[in-house]
Colleague: 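Got a structure for you, questions after.
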Amino acid sequence: MKQDKRTVHTKSAIIHALVKLINDKGFNNINVTDLTREASIGRGTFYIHYLDKFDLLNKIENKLLSDIKDVLNNLMPEELKSFTQSDESISTPSDIVIKTLNYFYDNSKLLSALLSENGDPYLFGRIKRIFSDVTDASFAQFNGKVTLTDEIPKDYVKEIMLNHLMNIVVYWISKDHPESPNNLAKIIIASQYIAPNDLIKVNKK
């Protein structure tokens, strides 16, 4: 059901207040009075939409996780497809990759606050489970066309893949002045084709 403009405005004010307060004092130290004061709304208005601060956090995170699952369902098949293409053909990020990163960029302040040490310590794990589930589903779509290396146990291969992408994105959105989604997409693409031992050059002279 479509929400009216007043409801949208109120919820937006509450979310902005939550982000600021998490950054200022941490979620554990926030109460409803803090939120309503920062959002310039009455306590009654807050309770129309949320039971308490935990209900607020849960609803915000559930919406984020649902959105992230949707964008990843589009991204992962595209990412797996890129591994079957030549270096030249994947030098330019696809529209799907840019659209996915745009979502994280547009929600970077909220995600950065929630994923920080002052936010929700369980959110990273919940996002990682979504990455894992979507990755498994994407592998299944390729019907055996995508195989994992035998040089490393498969559970470690998957863990490396998940952490590689997730850590780059989380670090990116936590920066005060993050690169554009297009530039980050190029960084991700480049990182897929550079071995870890090639990231650092040692001058032996």
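For the numbers below, each heavy atom of this structure counts, side chains included, while hydrogens, waters and symmetry mates do not.
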Colleague: Show me the donor-acceptor pairs within less than 3.5 Å that the side chains of residues 37-47 make with the rest of the protein, sequence neighbours left out.
Modeller:
{"from": "Arg43", "atom 1": "NH1", "to": "Thr33", "atom 2": "OG1", "distance (Å)": "2.8"}
{"from": "Arg43", "atom 1": "NH2", "to": "Tyr47", "atom 2": "OH", "distance (Å)": "3.1"}

Colleague: If we only count heavy atoms from C-beta on, is the Ile60 to Leu114 side-chain gap below 4.5 Å?
Modeller: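 Side chain of Ile60 against side chain of Leu114, heavy atoms only: contact under 4.5 Å found.
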Colleague: Does Asp150 have any salt bridge (Lys or Arg N to Asp or Glu O under 4.0 Å) partners at least two apart in sequence or in another chain, and if so, which?
Modeller: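 Salt bridge (Lys or Arg N to Asp or Glu O under 4.0 Å) check on Asp150 returns Lys154.
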Colleague: Linking I/L/V/M/F/W/Y whenever any side-chain heavy atoms sit under 4.5 Å apart, do Tyr171 and Leu64 land together?
Modeller: no
Colleague: Looking at Lys63, is its backbone amide N or carbonyl O close enough to the side chain of Ser66 to form a donor-acceptor pair, meaning the two atoms are under 3.5 Å apart?
Modeller: no
Colleague: Under the side chain to side chain donor-acceptor pair (under 3.5 Å) test, which residues partner Asn118, sequence neighbours left out?
Modeller: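 In terms of side chain to side chain donor-acceptor pair (under 3.5 Å), with neighbours along the sequence ignored, Asn118 is linked to no residue.
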Colleague: Just list the side-chain donor-acceptor pairs under 3.5 Å for residues 16-26, sequence neighbours left out, or say none.
Modeller:
{"from": "His16", "atom 1": "ND1", "to": "Ser12", "atom 2": "O", "distance (Å)": "2.7"}
{"from": "His16", "atom 1": "ND1", "to": "Ser12", "atom 2": "OG", "distance (Å)": "3.4"}
{"from": "Lys20", "atom 1": "NZ", "to": "Asp24", "atom 2": "OD2", "distance (Å)": "2.7"}
{"from": "Asn23", "atom 1": "ND2", "to": "Val19", "atom 2": "O", "distance (Å)": "3.2"}
{"from": "Lys25", "atom 1": "NZ", "to": "Asp34", "atom 2": "OD2", "distance (Å)": "3.1"}

Colleague: Do we see a donor-acceptor contact under 3.5 Å between the side chains of Thr10 and His49?
Modeller: no
Colleague: Any idea which heavy atoms bring Ser191 and Ile168 closest together, and the distance?
Modeller: OG-CD1, 3.9 Å
Colleague: Give a yes or no answer on whether the side chain of Lys69 reaches the backbone of Ile130 with a donor-acceptor pair at less than 3.5 Å.
Modeller: no
Colleague: Look only at the side chain of Trp172 and the backbone of Glu179, and say whether a donor-acceptor pair between them is shorter than 3.5 Å.
Modeller: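 Checked: pair present.
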Colleague: Can you name the side chain to side chain donor-acceptor pair (under 3.5 Å) partners of Asp55, sequence neighbours left out?
Modeller: Lys59
Colleague: Rounded to the nearest 0.5 Å, what separation is found between the CG atom of Leu111 and the CD1 atom of Ile173?
Modeller: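 Result: 4.5 Å between the selected atoms.
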Colleague: Under the 3.5 angstrom rule, does the side chain of Thr36 hit a backbone N or O of Val32 as a donor-acceptor pair?
Modeller: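 Confirmed, Thr36 side chain pairs with Val32 backbone.
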Colleague: Would the distance check show the side chain of Thr149 and the main-chain N or O of Ile152 forming a donor-acceptor pair, the cut-off being under 3.5 Å?
Modeller: no
Colleague: Check whether any side-chain heavy atom of Val170 sits under 4.5 Å from a side-chain heavy atom of Phe124, and report yes or no.
Modeller: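 Counting from C-beta outward, Val170 and Phe124 do come under 4.5 Å.
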Colleague: Pairs in or reaching into residues 100-110: which pass side-chain hydrogen bond (donor to acceptor under 3.5 Å, both in side chains), with residues at least two apart or in two chains?
Modeller: Asp67-Tyr103
